[in-house]
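First comes the structure, then the notes that go with it.
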Amino acid sequence: MEIVKVYERLLTEFGRQFWWPAETRFEMMVGAILTQRTTWSAVEVAIRKLKRKKLLNPHALANSNPQLVEAMVRQTGFYRQKARRIRKLANHLVEGYGGSVDRFLRKPWQELRSELRSLEGVGRETADVILLYAANQLVFPIDAYTQRFSRRFGLGDLDYEGLKAHFEEQMPKDLQVYKELHALIDELGKKYCKKAPECPSCILSDTCPKNLTDAIRPIST
DNA sequence: TCCCAGGCAGGGC
DNA sequence: GCCCTGCATGGG
């Protein structure tokens with residue numbers, strides 16, 4: 001399968017997604033933590049509440065009341081962890097960069113990645129999502145949808161790093177394509193994999209758009 | 001009622 | 001390295 005082909009099919013099917021939906025890069029990073037194991041609609045509510053309290057900047061969040069932040073992010077689930085983690089992120093930016101998100105994200109990406117990974121609540125996927133959407137680096141994040149998606153192309157034996165390397169090798173070195181493909185795979189997953197999230201042939205089923213089925217036929221056998 | 005949603009950390013093996 | 005569990009709320 002050629003990933004570019006799949007990308008083009010998905011783009012035709014769903015259109016551009018314009019990820020990441022955030023007004024600032026700090027908001028993007030906070031959103032990346034809040035969206036773990038929850039729906040984006042819940043995150044939107046939390047983001048709105050944080051904004052209303054003027055907490056969506058490093059200094060304000062770092063100096064915020066922990067219980068207040070917990071209340072703001074409650075409906076995203078795991079709210080005690082998440083409140084602590086976004087406050088720690090804010091604190092890290094204030095302590096190390098005078099609260100400058102720009103200075104933080106401008107670091108060499110390998111260095112930035114390990115620094116992100118050292119933060120509580122920032123695992124491989126969250127770090128890579130931040131690298132792509134906030135730091136604008138050519139890094140392709142592998143989330144649960146992308147793993148399911150990949151299994152259908154016979155890539156089931158690759159681990160996170162292997163899968164990531166595979167995508168990065170096949171894809172054009174184009175930020176827009178990276179950002180859109182990740183979003184499009186999620187869109188596909190949300191629309192067509194809900195009823196059978198673990199079904200390895202879900203997007204080959206009747207519920208799939210026909211043109212998408214065509215796109216993946218070559219390697220599905 | 002049960003299952004899932006754009007994971008992560010910490011433990012065991 | 002892989003697998004398990006706790007973390008918690010809200011929607012279908």
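In what follows, every chain begins at residue 1, and chains take the letters A, B, ... in the order their sequences are listed.
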Original post:
Using a cut-off of 4.0 Å on non-hydrogen atoms, how would the nucleic acid contact of A:Val122 be classed: base, sugar-phosphate, or nothing?
Top reply: sugar-phosphate
Original post:
Starting at the 5' end of DNA chain B, which residue's closest nucleotide do you reach first, A:Arg117 or A:Asp143?
Top reply: A:Asp143
**OP:** Assign a letter to each nucleotide of nucleotides 5-12 of chain C from its 5' end: B, base within under 4.0 Å of a protein heavy atom; S, sugar-phosphate only; -, no contact.
**Re:** --BBSS--
**OP:** Provide, to the nearest angstrom, the distance between the CG atom belonging to A:Leu34 and the C1' atom belonging to B:dC8.
**Re:** 14 Å
Original post:
CG of A:Asp157 versus P of C:dC2: gap in Å, rounded?
Top reply: 11 Å
**OP:** Mind calculating the distance between NZ (A:Lys88) and C1' (B:dC8) to the nearest angstrom?
**Re:** 13 Å
Subject >> Rounded distance in Å between the P positions of B:dG10 and C:dA8 >> reply: 14 Å
Subject >> Side-chain N,O (A:Arg148) to OP1/OP2 (B:dA5) below 4.0 Å >> reply: yes
Original post:
Which atom pair, heavy atoms only, marks the closest approach of A:Leu138 to A:Tyr178?
Top reply: C-CE2, 3.5 Å
Subject >> Test item: A:Arg113 and A:Arg124 side chains (from C-beta on) under 4.5 Å apart, heavy atoms >> reply: yes
Subject >> Euclidean distance, A:Ile142 CD1 relative to A:Glu125 CD, rounded to 0.5 Å >> reply: 8.5 Å
**OP:** Measure the shortest side-chain to side-chain distance between A:Val139 and A:Lys164 over non-hydrogen atoms and say whether it is less than 4.5 angstrom.
**Re:** yes
Subject >> Spacing of A:Arg84 atom CZ relative to B:dA9 atom C1', expressed in whole Å >> reply: 10 Å
**OP:** Please work out if A:Leu119 contacts a base, only the sugar-phosphate, or nothing of the nucleic acid, heavy-atom cut-off 4.0 Å.
**Re:** sugar-phosphate
**OP:** Specify whether A:Tyr97 and A:His92 have parallel, tilted or perpendicular ring planes, treating 30° as the upper limit for parallel and 60° as the lower limit for perpendicular.
**Re:** tilted
Original post:
CD1/A:Ile185 to CZ/A:Phe167 distance, rounded to the nearest 0.5 angstrom?
Top reply: 4.5 Å
**OP:** Measure the spacing between CD of A:Gln67 and CZ of A:Arg80 and express it to the nearest 0.5 Å.
**Re:** 11.0 Å
Original post:
For A:Glu23, does the CD atom have more than 12 heavy-atom neighbours from other residues, nucleotides or ligands under 6.0 Å away?
Top reply: no
**OP:** May I ask you to list the residues of residues 123-135 of chain A, by number, that have any heavy atom positioned under 4.0 Å from an atom of DNA chain C?
**Re:** none
**OP:** Check whether more than 12 heavy atoms from other residues, nucleotides or ligands sit under 6.0 Å from atom NZ of A:Lys173, and answer yes or no.
**Re:** yes
Original post:
Could you state the CD-C1' distance from A:Glu120 to B:dA9, rounded to the nearest angstrom?
Top reply: 8 Å
